[in-house]
Amino acid sequence: MPEHVSILQWAGVTVLALGAAAWAVGLSRALRRGRFEAVAQMPGPVALPALPRQRQAAPDLESVELTPAERDAFAGLVRQFAEGH
């Protein structure tokens, strides 16, 4: 312990350090509790106000019937990719 620092100064530093640690623990617990309560109270998905609303969830699925020649060509492509070309 340095000679020019009094016991009261050391006690003050200790009290301030303990107070800061207690404040940090209390703040983190309060923020964590508030976050969990807020999530529990949400009715559904969270909408972000900065993003525009989407008109529909996804486009309708489409399917096209392939001719036998197109099926053969596609099978040839799949074989080429499978062989590594």
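Keep in mind it's a predicted model, so treat the numbers as computed, not measured. Just the heavy atoms: all of them, side chains too, but no hydrogens, waters or symmetry mates, feed the values below.
Formation of a donor-acceptor pair under 3.5 Å by the E83 side chain with backbone atoms of Q80 is not found in this model.
Listed by chain and number, the hydrophobic cluster partners of L8 come to none, as no ILVMFWY side chain reaches under 4.5 Å of it.
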Throw together a table of side-chain donor-acceptor distances under 3.5 angstrom for residues 67-75, partners on residues two or more places apart or in other chains.
residue	atom	partner	partner atom	Å
T67	OG1	E70	N	3.3
T67	OG1	E70	OE1	3.4
E70	OE1	T67	N	3.0
R71	NH2	L66	O	3.0

Name the atoms and distances for all side-chain donor-acceptor pairs under 3.5 Å in residues 24-31, with sequence neighbours left out.
residue	atom	partner	partner atom	Å
S28	OG	A24	O	3.3
S28	OG	V25	O	2.9

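A side chain to side chain contact (heavy atoms under 4.5 Å, CB included) with L18 holds for exactly one of T14, L16, V15; it is T14.
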